[in-house]
**Q** 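Here you go, one structure.
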Protein chains: 2
Amino acid sequence: MRILIVEDTTDVAEAASASLGRAGFACDIAPTLADARACADITGYAAIVLDLNLPDGSGRDFLRERRRAGDLTPVLVLTAQFSVEDRVGALDEGADDYLVKPFDLRELEARLRALTRREAGRAENRVRLGSLDFDAGAQSLRVGGAAVTATRRELALLNLLIANRGRIMPKERLFDGLFGFENADVGTNTIELYVARLRKKLSGSGVVIETHRGLGYRLDLDG
Amino acid sequence: MRILIVEDTTDVAEAASASLGRAGFACDIAPTLADARACADITGYAAIVLDLNLPDGSGRDFLRERRRAGDLTPVLVLTAQFSVEDRVGALDEGADDYLVKPFDLRELEARLRALTRREAGRAENRVRLGSLDFDAGAQSLRVGGAAVTATRRELALLNLLIANRGRIMPKERLFDGLFGFENADVGTNTIELYVARLRKKLSGSGVVIETHRGLGYRLDLDG
DNA sequence: GCGCGGATGACAGCTTCATGACAGCTTGGC
DNA sequence: GCCAAGCTGTCATGAAGCTGTCATCCGCGC
């Protein structure tokens, strides 16, 4: 799950990025509207966190542009405490949620999870599939009732595959979801590596990750 | 979810009550410290909204009393815009959050939700897990029947971990739970330190604190 | 059988965590 | 007020294990 953070205050952006990173999101930071446009044009995001006060204009312009262009990526707007006008305006222009600064990082994380979950058509964080039990909020994974430990990357990959269950996911897409721009030089072999590691941990769960040569991977129930 | 609003300005109190009522909270209003004490003695609250300027004294006195009595109900303090002294003092005395007047009702609602959610998942103060017996109200800890002394910080950490038993808690989250805004410059290493100290005291209790690298810590029964 | 995309074991680098020692500060007793 | 005791948080050092690369092997599809 890749998130774009459009925020010019370095401290805030990096704190959010670190926190969301732990929660399994891969984050890109754009300190200006121009950067945000560039990022959004290059790749797709599961959600966008958008500050309204930016050095080269208002985030509302960016939001309006994207919506006009038919982009439905969920947007969470960050607003100053007293700018009720901005907040309401942003919602009218298609923002999906807002948070008043200063905000709690947990709140941001919870809301982003809600937004991205809504997109995947899932009602709750917890998913049961075969004998597999995955809770994205608690970062917990069980196979046949037994707790299975998994690393951050493994969980992020599983999350992506489950969110797109039954669909073939191109390797590039998985790559984009796992790594931000700062990790662009990572070899694509890495995806294969993590698929293998995940498969080992999911064995016996009734859930399989199928390989589709030249196309990508698909997670689904066995058989 | 029942909330106590300690506030003498009728307009503000009633507006807040109405707004929170719509958000699903049941509110009691106490315009004086005396009323607040009476209410708090009669029933428990999911959270307390506390104005510091009251006709019969400072809300800080009330807050200090409750904390001394072992009451851990989340308290959100309302302060005037420029009374930094009061704000910091209140946080030191155990307030969980503050809001500067005039505030937006939606913000109050969001913060209360955050406070009560943090507290959720625990019906009573006393928790028994393995041979561990922890009473958050009395701040007492027993392992295998024997009393174990623990410091304030250690107990706070244990409290947080137990309230989120079975869930992986990111270090930031534990940090937020242990330190207020005024301690923002404390190194995150501190969490690791207290985890180590706690582990020593919990050894042999059947309860363990697992490390999940890059994700956080999780408390659960051993095995 | 051949070629190419994928699978997988081994490994080194590096981030993250564990832990003992220590100094500053707070608190409580006198 | 002073002193002692203990709580707190910093630092440094070493361990642990996650991460991604490489090399090699596999097997599908032609």
Side-chain angles (χ1 to χ4, degrees), chain A residues 14 17-19 21-24 26 139 141 148-158 161 168-203 208-219, chain B residues 64 67-68 88-89 92-94 139 141 148-158 161 168-180 182-203 208-219:
Chain A
E14 285 184 352
S17 173
S19 163
R22 276 174 198 276
Q139 307 250 49
L141 173 63
V148 171
T149 62
T151 71
R152 196 160 49 95
R153 287 267 135 95
E154 288 163 0
L155 289 170
L157 177 61
L158 179 60
L161 289 171
I168 295 179
M169 292 291 284
K171 235 187 313 193
E172 298 78 31
R173 194 112 157 258
L174 295 172
F175 190 88
D176 284 352
L178 281 187
F179 303 97
F181 285 129
E182 77 273 23
N183 291 318
D185 54 346
V186 171
T188 57
N189 180 8
T190 312
I191 295 298
E192 292 151 23
L193 174 64
Y194 278 105
V195 167
R197 286 176 177 162
L198 249 189
R199 275 181 177 146
K200 221 173 271 175
K201 299 195 173 178
L202 298 187
S203 74
V208 291
I209 303 174
E210 304 166 352
T211 302
H212 292 258
R213 288 190 152 241
L215 296 172
Y217 295 96
R218 184 175 84 168
L219 177 144
Chain B
R64 213 175 303 127
R67 293 299 185 235
R68 285 253 170 88
V88 173
D92 278 343
E93 282 150 10
Q139 302 265 69
L141 173 64
V148 171
T149 62
T151 70
R152 194 164 48 94
R153 287 268 136 94
E154 287 164 0
L155 290 170
L157 177 60
L158 180 59
L161 288 171
I168 294 178
M169 292 289 284
K171 236 183 322 189
E172 291 86 5
R173 203 127 145 224
L174 296 171
F175 190 88
D176 285 353
L178 280 188
F179 303 97
E182 80 277 19
N183 288 321
D185 54 344
V186 170
T188 56
N189 182 7
T190 312
I191 295 297
E192 292 150 25
L193 174 64
Y194 278 104
V195 167
R197 287 176 177 162
L198 248 190
R199 275 181 178 146
K200 225 172 269 175
K201 299 194 174 178
L202 298 187
S203 74
V208 290
I209 303 174
E210 304 166 353
T211 301
H212 292 258
R213 284 185 166 251
L215 294 170
Y217 294 97
R218 184 174 84 171
L219 178 145

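Worth knowing before you read on, the calculation uses all heavy atoms, side chains too, and leaves out hydrogens, waters and symmetry mates.
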**Q** Could you tell me the separation between the CZ atom of Arg218(B) and the P atom of dC17(C), rounded to a whole number of Å?
**A**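 After rounding, the reported distance stands at 16 Å.
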**Q** Within less than 4.0 Å of OP1 or OP2 of dA16(D), is there a side-chain N or O belonging to Thr211(B)?
**A** no
**Q** Can you see if the side chain of Thr190(A) gets near the phosphate of dT21(D) - specifically, an N or O under 4.0 Å from OP1 or OP2?
**A**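 So the side chain of Thr190(A) is within the cut-off, an N or O lying under 4.0 Å from OP1 or OP2 of dT21(D).
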**Q** Closest to the Thr151(A) side chain: dT21(D), dT10(D), dC18(D)?
**A** dC18(D)
**Q** Find which nucleotide of DNA chain C each of Lys200(B) and Gly214(B) is nearest to by heavy atoms, and output the residue with the more 5' nucleotide.
**A**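 With Lys200(B) and Gly214(B) compared, the 5'-side residue is Gly214(B).
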**Q** Would you say CZ of Arg22(A) has more than 12 non-hydrogen atoms from neighbouring residues, nucleotides or ligands within 6.0 angstrom?
**A**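 Enclosed.
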**Q** Once you round it to whole Å, what is the distance between P of dA16(D) and CZ of Arg199(B)?
**A** 13 Å
**Q** Starting from P on dA12(D), measure out to CD on Glu192(B) and report it in whole angstrom.
**A** 15 Å
**Q** Below 3.5 Å, does any donor atom in the side chain of Arg213(B) face an acceptor in the base of dT16(C), or the other way round?
**A** yes
**Q** Nearest-Å distance, CG (Asn189(A)) to P (dG9(C))?
**A**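 Atom-to-atom, Asn189(A) to dG9(C), this comes out as 13 Å.
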**Q** Between Gln139(A) (side chain only) and Pro170(B) (backbone N and O only), is there a donor and an acceptor less than 3.5 Å apart?
**A** no
**Q** Assess whether one donor atom and one acceptor atom, taken from the side chain of Arg197(A) and the base of dG20(D), lie less than 3.5 Å apart.
**A** yes
**Q** Whole angstroms only, please: what is the CG-C1' distance between Leu178(A) and dG20(D)?
**A** 13 Å
**Q** Testing the basics here: between Leu215(B) and Ala150(A), what is the closest heavy-atom pair and its distance to 0.1 Å?
**A**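 Heavy atoms of Leu215(B) and Ala150(A) come nearest at CD1-O, 3.8 Å.
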**Q** Below the 4.0 Å mark, does dC7(D) have OP1 or OP2 next to a side-chain nitrogen or oxygen of Arg153(B)?
**A** no
**Q** Could you check which of dA18(C), dT21(D), dT19(C) has an atom nearest any side-chain atom of Leu193(B)?
**A** dT19(C)
**Q** Nearest 0.5 Å, please: how far is OH in Tyr217(B) from CD1 in Ile168(B)?
**A** 12.0 Å
**Q** For Gly216(B) and for Leu215(A), find the nucleotide of DNA chain C with the closest heavy atom, then tell me which residue's nucleotide is more 5'.
**A** Leu215(A)
**Q** dC18(D) P sits how many Å from Glu210(B) CD, rounded?
**A** 13 Å
**Q** At less than 4.0 Å, is any side-chain N or O atom of Lys171(B) found next to OP1 or OP2 of dA18(C)? Yes or no.
**A**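 No, Lys171(B) has no side-chain N/O under 4.0 Å of OP1/OP2 on dA18(C).
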**Q** In whole Å, I'd like the distance from the CD1 atom of Ile191(A) to the C1' atom of dG5(C).
**A** 15 Å
**Q** Separation of Leu157(A) atom CG from dC18(D) atom P, in whole Å?
**A**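 Whole-Å distance recorded here is 16 Å.
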**Q** Does Tyr194(B) put a side-chain nitrogen or oxygen below 4.0 Å from OP1 or OP2 of dG9(D)?
**A**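 Yes.
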**Q** Go nucleotide by nucleotide along DNA chain D from the 5' end; which of Phe179(A) and Thr149(B) gets its closest nucleotide reached first?
**A** Thr149(B)
**Q** Just by distance, no angles: are the side chains of Arg218(B) and Thr149(A) close enough, under 3.5 Å, to form a donor-acceptor pair?
**A**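 No, no side-chain donor-acceptor contact under 3.5 Å.
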